[in-house]
There are 2 protein chains.
Amino acid sequence: MKNNFSVLYLENQLCFPLYAASRLTTKIYAPYLKALDITYPQYLVLLILWQHQIQSVSEIGEQLLLESNTLTPLLKRLEAKKIIVRKRSKTDERTVMVSLTPSGEKMKEKAQTIPTQIMGSFQGEEISESELLNFQKTLKKLVHILGSKSNQ
Amino acid sequence: MKNNFSVLYLENQLCFPLYAASRLTTKIYAPYLKALDITYPQYLVLLILWQHQIQSVSEIGEQLLLESNTLTPLLKRLEAKKIIVRKRSKTDERTVMVSLTPSGEKMKEKAQTIPTQIMGSFQGEEISESELLNFQKTLKKLVHILGSKSNQ
DNA sequence: TACATTTGTATCGCACACGATATAATCTTA
DNA sequence: TAAGATTATATCGTGTGCGATACAAATGTA
């Protein structure tokens with residue numbers, strides 16, 4: 001029988017494992033990304049640009065659930081490293097368009113091997129592929145629900 | 001059979017959603033925690049102290065997967081708010097023991113309603129309880145696997 | 001018992017996150 | 001079309017995370 005405070009135990013909560021898993025995942029990426037001299041959030045921005053070539057700050061923000069208060073400094077750091085270019089739109093002076101430099105474009109090749117290596121870290125005897133797929137499905141739902149709850 | 005596409009897909013559908021879910025969860029907690037004038041990581045420390053009364057910095061770190069570089073400043077902020085007390089151990093001058101003040105002890109009552117309120121806001125969502133339990137189970141396994149991979 | 005090693009915290013610097021606020025450009029509408 | 005509202009970025013301040021390093025206390029060992 002659960003007492004009233006059992007809900008306050010760390011292991012009974014959903015949020016702590018999410019927080020831990022997120023940080024541990026970032027740590028797994030770190031050595032691979034360090035070879036490219038980028039961080040995990042910077043890698044996420046590059047994933048978008050490798051796919052879409054050019055995006056506004058807010059378009060990037062919509063996909064990563066981040067806003068300009070986080071993105072502007074991050075993008076300036078990527079620009080300082082000559083990986084991207086930031087340029088005000090001619091048609092709407094408010095928006096800043098972000099695109100890759102040749103150097104940033106070239107990084108795509110090197111980055112291509114990362115996902116396979118990372119997914120290896122998620123492999124373990126305890127988790128089957130089908131379990132991982134189920135997990136990913138619920139996780140996606142959860143993000144969707146949390147996303148709608150957090151901005152209302 | 002796993003091709004490059006499925007690996008890429010899984011990476012993007014697993015690592016980024018973990019990162020997003022963690023941040024969104026913290027955002028959901030924020031208004032409840034603001035009423036107690038604490039942050040989410042500070043709340044995690046209090047969860048441990050409400051259960052164990054007194055813990056060393058490294059014991060807290062083992063449970064939260066954090067080290068003194070993160071914990072020391074965080075604990076100092078909690079001490080400044082008169083929620084906890086930090087005291088060097090008599091038997092081993094290296095270790096710092098952390099415990100609750102009466103004020104910090106009292107916060108347990110108020111905090112008890114938080115998990116229930118948050119879980120309640122998920123009523124009627126398209127995730128069943130059994131799906132959530134399965135999810136939680138895989139998540140814990142994942143944290144275990146990632147934890148062992150990240151510190152080697 | 002000296003001396004090297006390990007352990008537990010602390011400090012430093014950098015890069016996020018994010019609420020709050022500012023600012024300029026664009027859009028709405030009276 | 002002038003004035004108010006909205007939109008897109010940027011800035012600021014605070015609080016994490018975390019790798020690297022420092023340092024003193026405790027432990028191990030010759």
Side-chain angles (χ1 to χ4, degrees), chain A residues 16 18-31 33-45 55-62 64-81 83 86-98 147 150-151, chain B residues 16 19-31 33-34 36-45 55-62 64-81 83 86-98 147 150-151:
Chain A
F16 172 68
L18 277 175
Y19 160 84
S22 171
R23 285 169 38 227
L24 288 170
T25 301
T26 305
K27 260 189 202 170
I28 303 259
Y29 272 95
L33 298 179
K34 187 166 188 178
L36 299 176
D37 189 31
I38 54 174
T39 65
Y40 182 65
Q42 290 169 12
Y43 171 69
L44 293 177
V45 168
Q55 294 272 279
S56 70
V57 173
S58 54
E59 282 170 336
I60 293 171
E62 278 163 34
L64 301 185
L65 311 183
L66 290 171
E67 287 168 44
S68 65
N69 51 4
T70 300
L71 284 175
T72 297
L74 187 157
L75 293 171
K76 282 185 173 178
R77 282 187 286 270
L78 280 176
E79 190 174 41
K81 287 188 274 199
I83 295 171
R86 293 157 66 245
K87 201 165 157 32
R88 290 263 164 202
S89 161
K90 282 267 165 57
T91 57
D92 185 340
E93 284 280 338
R94 292 172 303 179
T95 81
V96 169
M97 301 306 296
V98 182
S150 72
N151 58 23
Chain B
F16 171 69
Y19 160 84
S22 172
R23 287 169 38 226
L24 288 170
T25 303
T26 305
K27 262 190 201 170
I28 302 269
Y29 271 80
L33 298 178
K34 187 166 189 180
L36 299 177
D37 189 32
I38 54 175
T39 66
Y40 181 65
Q42 291 169 9
Y43 169 70
L44 293 178
V45 168
Q55 294 272 279
S56 70
V57 172
S58 55
E59 282 170 338
I60 293 171
E62 279 163 33
L64 300 185
L65 312 184
L66 289 171
E67 286 168 45
S68 65
N69 51 4
T70 300
L71 284 175
T72 298
L74 187 157
L75 293 170
K76 283 185 173 178
R77 281 187 285 270
L78 280 176
E79 190 174 39
K81 287 189 271 197
I83 295 172
R86 293 159 64 246
K87 202 167 156 33
R88 291 262 163 203
S89 161
K90 283 270 165 57
T91 57
D92 186 340
E93 283 281 337
R94 291 172 303 179
T95 81
V96 169
M97 301 306 296
V98 182
S150 74
N151 57 24

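FYI, side chains are in, hydrogens and waters are out, and symmetry mates aren't considered; it's all heavy atoms of this structure.
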So if I take residues 19-29 of chain A and measure heavy-atom distances to DNA chain D, which residues fall below 4.0 Å?
Tyr19(A), Arg23(A), Lys27(A)

My understanding is that only residues two or more places apart in sequence, or in another chain, count here; which of them pass side-chain contact (heavy atoms from CB on, under 4.5 Å) with Ile28(A)?
Ile118(A), Ser121(A), Leu146(B), Lys149(B), Ser150(B)

Check side-chain contact (heavy atoms from CB on, under 4.5 Å) between Glu79(B) and all other residues, then give those that pass, not counting sequence neighbours.
Ile84(B), Arg86(B)

For chain A and DNA chain D, what are the first and last nucleotides along the strand, 5' to 3', with at least one atom under 4.0 angstrom from a heavy atom of the protein chain?
dT7(D) to dA20(D)

Below 3.5 Å is the cut-off: list the nitrogen or oxygen pairs between protein and nucleotides 11-15 of chain C, distance only.
residue: dT11(C); atom: OP2; partner: Lys76(B); partner atom: NZ; Å: 2.7

Please list, chain by chain and in numerical order, all residues satisfying salt bridge (Lys or Arg N to Asp or Glu O under 4.0 Å) with Arg94(A), sequence neighbours excluded.
Asp92(A)

Which residues pass the side-chain contact (heavy atoms from CB on, under 4.5 Å) test with Glu93(B), sequence neighbours left out?
Arg88(B)

Partners of Ser58(A) by side-chain contact (heavy atoms from CB on, under 4.5 Å), sequence neighbours excluded?
Ser56(A)

Would you mind reading off the bend of the helix from dT1(C)-dA30(D) to dA30(C)-dT1(D) from its two end axes, five pairs each, to 10 degrees?
10°

Any side-chain to backbone donor/acceptor pair from Thr25(A) onto Ala21(A)? Under 3.5 Å, distance only.
yes

Note: contacts of residues 86-93 of chain B with DNA chain D (heavy atom, under 4.0 Å) are Thr91(B), Asp92(B), Glu93(B)

Just so I know, are the side chains of Gln55(A) and Val45(A) near enough to count as touching, which here means a heavy-atom distance under 4.5 Å?
no

With sequence neighbours excluded, residues passing ring pair (Phe, Tyr, Trp, His ring centres under 6.0 Å) with Tyr29(B):
Tyr40(B), Tyr43(B)

Residues in side-chain hydrogen bond (donor to acceptor under 3.5 Å, both in side chains) contact with Thr72(A), at least two apart in sequence or another chain
none

